Amino acid sequence: MEEEKNELLELSSAEKGFCSSKSLGSEKLELTVDQVIEEYVGSFGFSQLLHVFLVSLAWIFDAQSTLVTIFADAQPDGWRCISSSSSSSCRLTNISSGDAASVCGLKPGTWEWVGGNTSSTIAEWGLICDRKFLAAMPASFYFLGSLVGASVYGYLADAFLGRKRAVLISCLLTSITIFLTSLSPNIWLYSLLRFANGFSRSGIGICSLVLTTEVVGVKWRGQAGQYGFFFFAVGFVSIPLIAYPSRNSWRSLYKIISFLPLVYSIFVLLPFVSESPRWLLVRGRSKEALDVLRRYARLNGRKIPPNLCISEPSVATQETSKGEEVLQERTLWNTKWAAKRMALVMMTGFGIGFVYFGVQLNVENLNFNLYFAVAANAMMEISAVFIGGVLLSVAKRRLIFSQLAFIAGLSSILCILFSGGKQGILDKSGGSWPEFDLEAIEFMAASTAFNVLFVYTLELFPTNVRSFAVSVLRQAMVLGASIAPLLVAVGRYSPALAFLIFGALSIFSGLMILWLPETRNSPLYETLEQQDQEGQLNSAPNHLETELSK
């Protein structure tokens with residue numbers, strides 16, 4: 001009976017593609033996924049380049065969905081008196097037509113917005129005067145939706161859906177919710193749909209990043225991860241280009257960007273993108289994982305030996321009272337070292353997420369042309385991607401992030417000296433070029449640090465919890481982002497306070513990351529158990545890692 005049981009186990013392992021202990025002889029070649037990629041597929045060949053490119057395109061829709069609010073919810077350019085009311089109090093009142101707040105004392109019907117009532121949600125629904133704080137509600141709801149969605153997508157991508165299907169579902173739901181948002185009849189339903197849109201799009205960035213980095217060699221993970229951020233920057237650049245022709249209708253802007261993720265899902269993602277072989281492996285589908293790796297090898301002009309099999313990832317077992325071994329479920333939160341790492345990542349992500357998204361939304365407080373300011377920030381984002389790619393290839397992750405966070409924090413604090421209005425110390429006019437330049441440096445540093453942190457986090461955790469770990473990081477970032485619009489609203493009246501808070505949180509993030517271990521050139525592990533056994537816990541700061549390894 002025992003021999004028959006062993007034969008059945010061996011047959012089952014062979015069918016799955018795993019190497020069984022009895023089948024390992026001179027005719028079998030047992031390797032890990034990392035070894036297969038490095039030795040037979042190629043670290044970063046044409047097949048991986050194509051895969052990374054196609055998957056990273058999804059980031060365009062993530063950026064458009066996130067940043068559309070800069071134009072859709074923008075303050076109107078100005079107002080004017082209605083010609084038919086020449087004898088009204090509007091023309092008799094000596095107030096500026098460039099200040100939206102100046103209409104609060106005018107009678108309804110005596111004035112109109114220069115761009116028309118449909119140019120933005122603020123203009124259409126009158127979110128000024130005693131309703132001005134409602135203008136920040138849609139953006140905050142959007143980030144709260146992202147906060148909820150990140151944990152859902154992260155869990156499903158690891159446990160059930162896989163990376164590819166999670167990206168697919170996220171893109172399709174993003175398309176639907178963006179289109180429905182364009183039909184909103186009031187600010188309340190608009191905010192609710194922005195919440196739904198935030199929930200829907202939260203799977204794009206998380207799962208795309210993991211899907212791109214799990215198929216490349218060790219030395220190329222940082223660069224592969226930067227592809228997604230480059231296309232996020234492309235989406236960033238596209239927003240002012242789409243918004244300007246549709247500047248008289250915020251609803252048209254939403255309808256245009258809702259069409260793109262639908263086309264991508266049907267004609268690019270479904271037919272041409274493969275599932276992550278690492279995820280297939282940890283789900284017990286090793287044969288499918290090998291098939292994916294063979295396709296990559298074939299496109300790279302290479303061949304995987306027919307006798308190759310993938311090492312089965314380690315899993316935790318627990319002995320029962322009858323002496324039988326059963327699987328012991330281990331999660332990120334009940335593994336002490338992983339939970340402590342995750343807590344530090346969350347604190348770091350909260351600070352840099354607050355700064356990264358807050359600086360983007362704060363461009364309207366710089367008193368520069370909005371289209372110019374957004375386009376300039378987008379160019380900074382593209383530059384940050386290339387800088388991040390270079391730095392990740394030559395320097396340690398912790399050092400890169402901490403230095404960039406400190407630069408962003410210092411730049412933000414220096415902005416106080418040039419901030420406009422009563423709060424400015426060296427410049428009273430507002431919209432000064434020194435302030436704009438410092439804000440650009442702050443944004444570039446924060447953007448590069450933001451990108452590096454994603455790559456760093458996916459290297460800190462194994463495949464069976466990697467998407468979830470990245471999603472928790474995204475949650476922490478989005479939690480900071482959901483509070484940022486409130487600080488932007490405060491910044492309209494006290495720019496110095498806003499810059500001070502941005503600077504302090506950026507420096508806080510730079511300090512927190514110093515407590516985490518370095519991951520440059522380290523392998524990607526498949527399970528928590530494997531990382532326990534073969535991991536690099538001793539690379540963290542000595543006094544902290546003593547605690548992590550307990």
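None of the values given here were measured: they were computed from a predicted structure. Side chains included, hydrogens not; waters and symmetry mates left out as well; all remaining heavy atoms used.
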Ionic contact status for Glu275 with Arg163, cut-off 4.0 Å: no
Side-chain heavy-atom pair Val263, Phe259 within 4.5 angstrom cut-off: yes
Tyr142 six-ring centre to Arg194 NZ/CZ under 6.0 Å and within 45° of normal: yes
Results of ring pair (Phe, Tyr, Trp, His ring centres under 6.0 Å) for Phe141 - residues two or more places apart only: none
Donor-acceptor contact present, side-chain Ser506 to main-chain Gly503, <3.5 Å: no
For Trp59, the option from Phe53, Phe236, Phe231, Phe229 that meets ring pair (Phe, Tyr, Trp, His ring centres under 6.0 Å): Phe229
Parallel, tilted or perpendicular: rings of Phe230 and Phe386 (30°, 60°): perpendicular
Results of salt bridge (charged side-chain N to carboxylate O under 4.0 Å, His left out) for Glu124 - residues two or more places apart only: Arg251
Distance flag, aromatic centroids of Phe179 and Tyr254, threshold under 6.0 Å: no
Shortest non-hydrogen separation from Ser146 to Arg201 and the atoms involved: OG-NH1, 2.9 Å
From CA spacing to verdict: side-chain contact (heavy atoms from CB on, under 4.5 Å), Leu57, Val234: CA-CA 9 Å; Leu57 287 172; Val234 170; over 6 Å; no
From Ser411 atom OG to Phe406 atom CZ, the distance as rounded to the nearest 0.5 Å: 13.0 Å
Residues Met477, Tyr356; criterion side-chain contact (heavy atoms from CB on, under 4.5 Å); working and verdict: CA-CA 9 Å; Met477 289 176 163; Tyr356 173 75; over 6 Å; no
Within 6.0 angstrom of Tyr155 OH, more than 12 heavy atoms from elsewhere: no
Under 3.5 Å side-chain donor-acceptor pair for Thr181 and Asn197: no
Residues Asp73 and Tyr190: side-chain donor-acceptor under 3.5 angstrom: yes
Aromatic ring pairing Phe454/Phe450, orientation class (parallel under 30°, perpendicular over 60°, tilted between): perpendicular
Arg466 bridged to Glu214 by N-O distance under 4.0 Å: yes
With sequence neighbours excluded, residues passing salt bridge (charged side-chain N to carboxylate O under 4.0 Å, His left out) with Arg474: Asp62
Flag, side chain of Lys164 to backbone of Leu270, donor-acceptor distance under 3.5 Å: yes
